[in-house]
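Labels below follow one simple rule: chain letters A, B, ... track the order of the sequence lines, proteins then strands, and each chain is numbered from 1. No experiment lies behind these values; they were computed from the predicted model shown.
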2 protein chains.
Amino acid sequence: MENAFGSILILSGPSGAGKSSLIKAAGDKIGDNYFSISTTTRPPREGEKNGVDYYFVSKEEFEADIRAGEFLEYAQVHGNYYGTSLKPVRKALEEGKLVIFDIDVQGHAIARERMGDLITSVFVTTPSLKELERRLRNRGTDDEEIIQKRIQNALIEIEYISAYDFLIVNDDFDKALDAFIAVAKAARLKKGRKQALRFIESWRGA
Amino acid sequence: MENAFGSILILSGPSGAGKSSLIKAAGDKIGDNYFSISTTTRPPREGEKNGVDYYFVSKEEFEADIRAGEFLEYAQVHGNYYGTSLKPVRKALEEGKLVIFDIDVQGHAIARERMGDLITSVFVTTPSLKELERRLRNRGTDDEEIIQKRIQNALIEIEYISAYDFLIVNDDFDKALDAFIAVAKAARLKKGRKQALRFIESWRGA
C-alpha cells in the first residue's frame, strides 16, 4: 500500500458475538475512521444505498478491478460478485484514517499477507458456544438452518484465535466496549514499514 | 512460560523520551500490573530497598539462576552482575498481572524470542532528535559525556521502531498518556498460545 498514513483494525469472530454493536457503540470515540463496506454487482434492493450498504458497481468494473488486483477477497454467489475492494481502503489510509474491517478468519489471513504491517487484529467472541447459541436464537432473525450453519462456522473460526493480536470475550458489553476502544486507539499507533522509515528520517533530521 | 495467564507489555525508547513518567502517571488505570525490576549482586546503596530499586541477591544465587536459564538478559559491570530475572515475571503472570518491562531494543528482541506470544510492545520517543537533546539538557542530571552517549544510543535505537507493535510520539504528555493507557489495556487482551488453547477448550465445552 503506497502512501499509507492510516492504519487498519480487523475484527473477526462468530456472527452473534457483537462485532457490529461494538463498532457502532465506539462511534467517534476512536477518532476518524472508515468502516470498510463490500462491493457487489447485484442490483440494490429497496432502500439500500450506494456507499452505505454496499458499493454497487457493474460486472465490467468489478472484473477490471479483479484483474488489477484491487480486491482483498471476492466471491461469486448466484451469478453476482461480492468483494472487499482496496480502492476506498487506500483512499481512507491516505487520509490518515483508521480503516475497520469486519471480515472472517480467511479474509484476515489474506489481509495479513498483503498489508500485515498496518494491521492490528482482534477476535471477538461470546464466553461460550452455549451463550453464542442462546444469543443467535434470542435475536430471532435467523431460521434453524442458518443458526446451525453459524454455529458450525463458529466452531471453525474459534480455532484461529492465536492468529489475532487480541481477544475480546464479550460477556459484559460495557467492559467489552472499553476493551474495544483501547484496541482501536492502539491500532492508530501502528506504524507500517514505510511510515516508520519516514518517521525515522524526519526524527533524525528535524 | 508455563501456566501464564497474564501478559507482557514492553516499552523501549531513548532515555529522555518519558517512559518512566508514562508508567508512573498511568498508575492503576491500567489494572493490576507488575513493573519488572532488575536483579543485581552489588550491595544496596544508602536508602535502596530490596524489591523496589533492585532485587539484591548473592553472586551464588545469580550464577545458579544464569545456569537455570532464569535470566532474560544479564551483564557484568565492575565485577557485579545486573540482569532481568524471569522468576518474579513468571509469578506475576501466574497471578494474571500485566508485566511491564522498560528494556532496550536488544532486550525486546530476546524477550520476543522467548515469550513472543505474550508480548505487546511499544516504542516511545520524542518528536525529534533535537527535542530529545533539549530534554536531556533540561533535566540537568547528566554531564555532557553521558548526554552524548544517550544521543548515540538513541540514533541506534530509533532504527528498531518497525520491530515494535506501536509507536508513541511523546509530544503532548496528556495525549501520550492516553495512548499509553490504550496500549496497556490492549496488552491485557493478548492471549498466549497456551491461554488461547485453554480458552478454546472451555469455549466449546462449557
Close side-chain approach of Phe56(A) and Arg42(A), heavy atoms under 4.5 Å: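 They are in side-chain contact.
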Side chains of Val122(A) and Ile10(A): does their closest heavy-atom pair fall under 4.5 Å?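 With C-beta onward as the side chain, the pair stays apart.
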Is Lys190(B) positioned over the aromatic face of Phe166(A), cation under 6.0 angstrom from the ring centre and no more than 45 degrees off axis?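 Yes - Lys190(B) lies over the ring of Phe166(A), closer than 6.0 Å to its centre and within 45° of its axis.
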Can you tell me if Arg134(B) has over 12 outside heavy atoms packed within less than 6.0 Å of its CZ?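 Buried by this count: over 12 neighbours within 6.0 Å.
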Please look at Glu131(B) and chain A and tell me whether the side chain, the backbone, both or neither of the residue comes under 4.5 angstrom of a heavy atom of that chain.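 It is neither, since no heavy atom gets under 4.5 Å.
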Which atoms of Phe123(B) are under 4.5 Å from chain A, going by heavy atoms: the side chain, the backbone, both sets, or neither?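 No part of Phe123(B) comes within 4.5 Å of chain A.
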By a 4.5 Å heavy-atom criterion (distance strictly below it), what part of Phe180(A) contacts chain B: side chain, backbone, both, or neither?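 It is neither, since no heavy atom gets under 4.5 Å.
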Given a strict heavy-atom distance threshold of 4.5 Å, which part of Leu197(A) is in contact with chain B: side chain, backbone, both, or neither?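 For Leu197(A), neither part sits under 4.5 Å from chain B.
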Contact winner vs chain A - Val183(B), Thr125(B), Leu167(B), heavy-atom pairs under 4.5 Å: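 Option with the greatest count: Leu167(B).
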As an exercise: rank Thr126(B), Ile200(B), Ile158(B), Ile168(B) by heavy-atom pairs under 4.5 Å with chain A and give me the winner.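 Option with the greatest count: Ile158(B).
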Electrostatic pair Glu133(A):Arg137(A) at N-O distance under 4.0 angstrom: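 Between Arg137(A) and Glu133(A) there is a salt bridge, with a charged N closer than 4.0 Å to a carboxylate O.
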Aromatic plane relationship, Tyr74(B) with Tyr81(B) - under 30° parallel, 30 to 60° tilted, over 60° perpendicular: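 Tyr81(B) vs Tyr74(B) ring planes: perpendicular.
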Pick from Ser7(A), Ala187(A), Ala182(A) with the largest number of heavy-atom pairs that fall under 4.5 Å of chain B: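 Most heavy-atom pairs under 4.5 Å with chain B: Ala182(A).
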